[in-house]
**Q** 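Provided herewith is a single structure, encoded as structure tokens, for subsequent inquiry.
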Number of protein chains: 2
Amino acid sequence: MAGIEEVAKLAGVSTATVSRALSGRGHVSPTSKAKVEEAAALLGYVVSSNASSLASGRTRNIGVVIPFLNRWFFSSVLEGAQQALLRRGYDLTLYNLSGDGRERSSVFEHFLLRQRVDAVIAVSLELTEHEVQRLHDLGKPLVGVGGPIPGVRTLTIDDVGVARLATEHLIGLGHRRIAHIGGDLEFDLDFHLPTNRRLGYEAALREVGVEPDPTLFAPADFTIRGGYHAAKQLLGRPHDRPTAIFAASDEMAIGSILAARDLGLVVPRDVSIIGIDDYDLSDFFGLSTVAQFPRGQGEQAVEILMEQLEPGPDAAPGASMTQLPFELRVRSSTATPSEL
Amino acid sequence: MAGIEEVAKLAGVSTATVSRALSGRGHVSPTSKAKVEEAAALLGYVVSSNASSLASGRTRNIGVVIPFLNRWFFSSVLEGAQQALLRRGYDLTLYNLSGDGRERSSVFEHFLLRQRVDAVIAVSLELTEHEVQRLHDLGKPLVGVGGPIPGVRTLTIDDVGVARLATEHLIGLGHRRIAHIGGDLEFDLDFHLPTNRRLGYEAALREVGVEPDPTLFAPADFTIRGGYHAAKQLLGRPHDRPTAIFAASDEMAIGSILAARDLGLVVPRDVSIIGIDDYDLSDFFGLSTVAQFPRGQGEQAVEILMEQLEPGPDAAPGASMTQLPFELRVRSSTATPSEL
DNA sequence: GTGAAAGCGCTAACAT
DNA sequence: ATGTTAGCGCTTTCAC
């Protein structure tokens, strides 16, 4: 490995100039800059991130703490963040907390404190005050995606609004007996999304004078399998079968489509189904849904951090809670109820 | 942030002893060790990874280069590697190459060279000789998962054997007209798995005197959607419909199940279907499959690297190509053909 | 077993 | 715009 000194010698300048030319900080004449770049390329020189970090206090590395890797939302956020970081020359260090609680505490008590990251992105994680404090004390910016973290800038869709939109779509088609498959309590612990989506659903119903029927609510775990079982219960009842199901995620909605098929029901003739996400398979199943854009959320989280780490001239302050885009996508799983 | 000096002062020893006590390298009396640990805990001291890396040349960080994040196999490998690393106090820096080719070259020409990682795990990536050479020159150990990299220790299942086993299961049930959904050419570029699985399928057929029928092969892209379309072609033919399908992945097999249903065929009465992987939804769909264990592959990759980075007393050399476990799991998607 | 001190390879004052 | 130089916070000889 060539060092900065060799580059300096070859370029005929001092190490300071090499550092400045390569990092873009401080003024360097175009001539020396060109010479330095040529010398660096010739020698295959790459700054040692450790030496640079130690001297400058900046690591050009962002930590991402995330509870799952194998779920669409999470891997999409991660992908978006990774791509945005790579573009800016940043590394991404991953902390996946899918194991037990010990992992979580060791990450916060140990890993994040060893000065390896400049900032942290927490995905769908409700951090404790203590955890937030630790990072704050270190002066590490923190941004959340998908979960409200008190006192921290967080990116999240308007779950109430999204759910309301989905439900209103069904109502607009003429449905009134609309069931809801939401999250079970366990899921509500770490991010209140299930509760919020249920609230949006209920609000939309009340707006048209329908009192939400608690027997039309079924909890599940956000998977296809969970949605399948929940929908079987909802659709299997001999009387008063709902004419539509609003599932809080596309995976549960797809489970519902499969359950309907197994019960001999035709979607959307016998039952309309809508979800939230627009994930991989939604289009394949013709599922109507409200799309959200987790890749973009990951990218945006990076942009927010970059503004704080490397403030540009156009430093906009930014609210502490940003609303993200979502979009109704009507496909073939929703239609007017056939009784009408 | 407390520094090593403060810990030394509080413990009444020198910084050298603190370093030795905390890192476990070199001999320290139990007494001083205890004192150091107590002082460190009291001050909330955590070694600065940059200073430590710069001085020692070790980063305690592993780079993982991976082409996808949103697919079962890849996220599982990543999860396994992450967990194994966390346990050992290592960080994991992620390089996801899902974007275009520019990302790939910048990762290899830049990111991996800045001394941020001690070693690299390459998942399902066929590295060029040049890329391997770069890492080798830096003295960075490299291990592959899921793709054969010339000259590099690689973990991979015996794709030929797995495919043979799946096919033999169908043959054992009495099937002879067995179709195969494999990878298309594009997929074969980066890892020869599709070709190998096809070879295993053909070998199993020939063993019982059946010449593989090229019209019973359909290429797809390893997704549910792709498997669905491929299976429709295979099962839609009016004459000589295959009595069984062997898909090179569970996702394609599940697509086949859905296609069969849409054609009015009952699985396994009218057609048996088997896949490879045993992924998330396979059990839900009652899919017979040959399970592989990507989490374990990620963990094992870490173990191999650890042996090289921190050789223990029981340093086993290890072959340059390790065979991994796989296992037939018979569920309800395979049965004897009904003609018999 | 322990301490003193010389770096690890850069960056950022400060000086010019 | 560029050079000089003192650290960044730790690890590791080397000497005791």
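Sequence lines set the chain letters: A, B, ... in the order given, protein chains first and strands last, and positions in each chain run from 1.
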**Q** Would you say B:S29 places a side-chain N or O within less than 4.0 Å of OP1 or OP2 belonging to C:dG1?
**A** no
**Q** Can you tell me the distance, in whole Å, between the CD atom of A:E5 and the C1' atom of D:dG3?
**A** 13 Å
**Q** Which nucleotide, C:dG9, C:dA12, D:dT2, lies nearest any side-chain atom of A:S14?
**A** D:dT2
**Q** Which is true for A:V13 with a 4.0 Å heavy-atom rule: it touches a base, it touches only sugar-phosphate, or it touches nothing?
**A** sugar-phosphate
**Q** Can a side chain N or O of A:S48 be found less than 4.0 Å away from OP1 or OP2 on C:dG9?
**A** no
**Q** Measure from the side chain of A:T15, starting at C-beta and using heavy atoms only, and say which of D:dT5, C:dA5, C:dC8 lies closest.
**A** D:dT5
**Q** Could you state the CG-C1' distance from A:L54 to D:dC8, rounded to the nearest angstrom?
**A** 4 Å
**Q** Return the value, rounded to whole Å, for the distance between atom CG of B:L22 and atom P of C:dT2.
**A** 14 Å
**Q** Atom CG of B:N50 to atom C1' of D:dC8: distance rounded to whole Å?
**A** 10 Å
**Q** Counting side-chain heavy atoms from CB outward, which of D:dG9, D:dT4, D:dT11 is closest to A:A16?
**A** D:dT4
**Q** What's the closest nucleotide to the side chain of A:A51 if the choices are C:dG9, D:dC10, C:dG3?
**A** C:dG9
**Q** Take a 6.0 Å sphere around NZ of A:K140 and say whether it holds more than 12 heavy atoms from other residues, nucleotides or ligands.
**A** yes
**Q** Nearest whole Å is fine: how far is C:dC8 P from B:R116 CZ?
**A** 21 Å
**Q** Taking NE2 from B:H27 and P from D:dT13, how many angstroms apart are they, rounded to a whole number?
**A** 14 Å
**Q** Take atom CZ in A:R102; do more than 12 heavy atoms of anything else shown fall under 6.0 Å from it?
**A** no
**Q** Could you state the atom-to-atom distance from CD1 of A:I4 to C1' of D:dC8 in whole Å?
**A** 15 Å
**Q** Answer yes or no: does a side-chain N or O of B:S52 lie under 4.0 Å from OP1 or OP2 of D:dC10?
**A** no
**Q** If you count the non-hydrogen atoms of other residues, nucleotides and ligands that lie under 6.0 Å from CD in B:E5, is the total more than 12?
**A** no
**Q** Within a reach of under 6.0 Å around CD of A:E129, are more than 12 heavy atoms found that belong to other residues, nucleotides or ligands?
**A** no
**Q** Classify the nucleic acid contact of A:S32 as base, sugar-phosphate or nothing, counting any heavy atom under 4.0 Å across all strands shown.
**A** sugar-phosphate
**Q** Hey, does A:R58 reach any base, or is it just sugar-phosphate, or nothing, if we go heavy atoms under 4.0 Å?
**A** sugar-phosphate
**Q** Take the protein atom OH of A:Y45 and the nucleotide atom C1' of C:dT11, then report the distance between them rounded to whole Å.
**A** 10 Å
**Q** Using a strict threshold of under 4.0 Å (side-chain N to carboxylate O), is an ion pair present between B:R58 and B:E310?
**A** no
**Q** Taking the minimum atom-to-atom distance to the side chain of B:R20, which one of C:dC14, C:dT2, C:dT11 wins?
**A** C:dT2
